[in-house]
Each structure stands twice: as C-alpha cells, then as structure tokens.
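Only this structure's heavy atoms are used, side chains among them; waters, hydrogens and symmetry mates stay out. If you're wondering where the values come from, they're calculated on a predicted model, not measured in any experiment.
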Amino acid sequence: MDLKLLEHFAAVAEELSFTRAAARLHLSQSALSRSVRALEDSLGCSLFVRNTRQVTLTPAGQALRAELPALVDHVTASLDRVRSTGRSSTGRSSTGSRRQLVVGASPNYYCPAARHLLQLFSDHFPDIELTLRAIPWWGESSSLRKGAVDATFALFPNILSDAADLSYVPLQAQPRVFCLPTTHKEAHRRYLSLNDVVAEPLVYSAYAPPSVAAFWTVSPRPDGSEPKVIARCETPTDFLREVADGRGIGILPASSAALFPHPGVVYAQAVDLPPAGVCIAMLQTRARRPELVDLRVTAEKVAATTSCRVWPDSSVHRLR
C-alpha cells in the first residue's frame, strides 16, 4: 500500500473537510478524492460519509484513524532505516540517486519565514529532493524520534516541553490570536486584551503537556487565578467546532486565522500576550548529516532577516 494514501486519509480525517485537507497537502480536491477512493478500494470498505454539508468518519474510518499513528510511524521509521543503510558518506544513495530530506509540516509551520526557507533551500540545493510530510499538530517531537521525518517545523514554546535531545533554529515570531464565536460580544473587534475575555472558558488541545498548556491558556492569570478549560480537542476541526458552538474561546498562533477559516469563528489579535514562534528542529544525534547541515545553514540565513524577538537568548538555541 502506498503510504501517501494513509497520509491523505489522515489529513481528511483530521480536517473533516476535503477542501482544507487538499490545501494543507498542496493537492487538488479531485486528486485527494481519488487517493481516498483508492485507499477505500484497497481496504474494501468506506472510510468517510460525504454529503454537501459535511464529511464524517464511518466506523471503519474511526478504527483506521485510531490505528494510523502507530502504523505510519512504524512503517516510515523502518523505511528510513533501510534508506539510511544504503546512503553513502557523501549523502547520496548507493544507486547514485538524489539525496533526500523529509521535513515535517504540521499546521503550525505556516508563516512567511518557513515558506521562504523551503524556497531558498530548494534553490540552493537542487540535488536534494525535499519532501514535506504532514504530521499532527502535536506530533513534532515524536515524528523526529520515530524517524518519520528528518527535520520538522515546530511551534515555540511547544517544542521546548520535550527538547532535551533536539536542536532548533528559531525562524519567526508569531502573535497570538483569540478565537471567538461569531456570536461573541467582542467578535467585531480586531484587537483584544486578555482582560477583555478573561472570564471566558477556554477550548484547548487534548495532547498538550502542562508547560505548553500554561502558555496557551495563560495560566496562571496575572491575578493568580486559573482559567477554566472546558473542552480538550484532538483536532483543529474539533477545536473550531467547540468555539463556533459557543462553548468557549481559544488562543492560537496567528497563522491559524489563515489556515483554519470557519464560518462560525473570528480571530482577534492579542495585544498583551507574548508571541509564539516557529522554528525548524531536528535531533541532535542527526544534526551532522550533510543534508541537515545544509538545512541548518539555510535556516540561519532566513532567521537573520526575520524577527526572533520571541526567543529567550536566541543564540543559545541556534544550531552550532
């Protein structure tokens, strides 16, 4: 089975939208639909229920979604070990083919500096085949350790909660935004302070460790109080549905406004919260691999031209 079929399924299962999944994977909707149909044909069952209003998972689709992370991680890690065995010391495979580099891209990477890095790297190193692999919004560190990707775009401070064996280059700061239902009394405003929404319950990720959750829920608050988190969501689609239904508000990186448009939510920039940031990360034990050295050098060039004010003592965290 082509692993890309599983990657395409994962994107649709997470977004519950062929439109958003196709944009995330840089595919046409028709190509994505063909891919999903091919996977359904190979399994002999339907994975999604589609109609003009929504996309939902069938029981078989739910079962595959539950099994998918372990399945994909195991297979891709095994294949990467095989490729590494055949790779020569120059970075070329034993058959003389182009060098390869797989970079993880969760929704968190969507910022101008990340896109600039990809373009600059492709221009400067045309002999390296650069592949973007979609990973879950909580899966940057685990994807690196399991060998599913060689490097990954990641969000600060999320990556710092599990970074003992990682090296990273900060790329660009991102403001945080409040995600509000369109029915909210402040929905008409483009800018908000924490005090404007301090009493609102929050929607947040189900997978965040405590230190990351504290940053994204602003816990504790300046007065020492704790926010009320009323829903912990597994996917961006779940998150947006909870907000749109008026159960609570969310705090997200600014890239979310472009990545996750939703008719039931609006975004307002947080004027008094420290920004988040996007970085490129890799395992320290693999950072000397020639392709990753090239990526590191390119990332440092990009970082030198963008704002990294969010990073505490940025020089400490840059790859050396």
Side-chain angles (χ1 to χ4, degrees), residues 10 13-17 20 24 65-66 69 106-111 135-143 153-163 173-187 192-262 264-279 310:
E14 182 170 314
E15 299 292 347
L16 292 179
S17 165
R20 290 193 295 271
R24 171 172 149 184
R65 178 181 174 182
S106 78
N108 302 332
Y109 93 101
Y110 190 83
C111 72
I135 58 175
W137 62 343
W138 63 86
E140 291 99 339
S141 299
S142 62
S143 295
F153 291 104
L155 197 62
F156 175 91
N158 300 22
I159 198 74
L160 293 185
S161 69
D162 191 22
Q174 278 206 57
R176 283 185 278 178
V177 295
F178 294 109
C179 179
L180 311 173
T182 54
T183 55
H184 195 279
K185 64 180 181 179
E186 305 291 358
L192 292 171
S193 69
L194 180 61
N195 282 338
D196 294 324
V197 292
V198 70
E200 300 287 348
L202 287 172
V203 177
Y204 191 57
S205 167
Y207 298 94
S211 61
V212 174
F215 179 82
W216 289 105
T217 61
V218 194
S219 175
R221 300 295 168 78
D223 63 0
S225 64
E226 293 293 332
K228 180 182 179 181
V229 179
I230 50 85
R232 296 189 180 275
C233 304
E234 294 187 2
T235 70
T237 300
D238 296 337
F239 186 103
L240 293 174
R241 184 186 306 114
E242 295 287 345
V243 173
D245 288 346
R247 294 197 62 201
I249 68 169
I251 302 174
L252 296 169
S255 58
S256 300
L259 277 172
F260 303 124
H262 190 287
V265 306
V266 295
Y267 297 91
Q269 185 170 323
V271 298
D272 56 351
L273 298 183
V278 172
C279 68
V310 63

Practice prompt. Before giving the answer on side-chain contact (heavy atoms from CB on, under 4.5 Å), spell out for Tyr204 and Trp216 the whole-Å C-alpha distance, their side-chain angles and the decisive distance to 0.1 Å.
Written response: CA-CA 8 Å; Tyr204 191 57; Trp216 289 105; 3.1 Å; yes
Item to complete: Please test Leu155 against Val278 for side-chain contact (heavy atoms from CB on, under 4.5 Å), starting from the C-alpha separation and ending with a verdict.
Response: CA-CA 5 Å; Leu155 197 62; Val278 172; 4.1 Å; yes
Fill in: From CA spacing to verdict: side-chain contact (heavy atoms from CB on, under 4.5 Å), Leu273, Phe178
CA-CA 10 Å; Leu273 298 183; Phe178 294 109; 4.0 Å; yes
Worksheet item: Going through the checks in order, is the side-chain contact (heavy atoms from CB on, under 4.5 Å) test met by Thr182 and Val265?
Response: CA-CA 5 Å; Thr182 54; Val265 306; 5.6 Å; no
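Between the CG atom in Leu192 and the CG atom in Asp272 there is a gap of 9.5 Å [rounded to 0.5 Å]. The distance from the OG1 atom of Thr183 to the CG atom of Asp245 is 9.5 Å, given to the nearest 0.5 Å. The line from OG of Ser193 to CD of Gln269 is 12.5 Å long, rounded to the nearest 0.5 Å. Taking CD of Glu200 as the reference point, atom NZ of Lys228 lies at 11.0 Å (rounded to 0.5 Å). To the nearest 0.5 angstrom, Arg176 atom CZ is 10.5 Å from Leu252 atom CG.
Val266 places none of its side-chain heavy atoms less than 4.5 Å from the side chain of His184. Two residues are said to be in side-chain contact when any heavy atoms from C-beta on lie closer than 4.5 Å; Pro222 and Val198 fail this criterion.
Considering all non-hydrogen atoms of both residues, Gln174 and Ala254 come closest at OE1-N, 3.3 Å. Considering all non-hydrogen atoms of both residues, Ala244 and Pro181 come closest at O-CB, 4.2 Å. Nearest heavy-atom pair, Val177 versus Tyr267, reported as atom, atom and distance to 0.1 Å: CG2-CD2, 3.8 Å. The two residues Leu240 and Cys179 come nearest to each other via the heavy atoms CD2-SG, 4.1 Å. Here the shortest heavy-atom pairing between Asp238 and Arg65 reads OD2-NH2, 4.3 Å. The heavy-atom pair separating Ile230 from Gly248 by the smallest distance is CD1-N, 4.3 Å.
For Arg20, the salt bridge (Lys or Arg N to Asp or Glu O under 4.0 Å) partners two or more places apart in sequence, or in a different chain, are Glu15.
Looking at Arg247, its side chain never comes within 3.5 Å of a backbone N or O of Val203 through a donor-acceptor pair.
Looking at Val218, Val243, Thr217 one by one, the single match for side chain to side chain contact (heavy atoms under 4.5 Å, CB included) with Leu202 turns out to be Thr217.
Checked by atom type, the side-chain pair Asp223/Ser225 shows a donor-acceptor distance below 3.5 Å.
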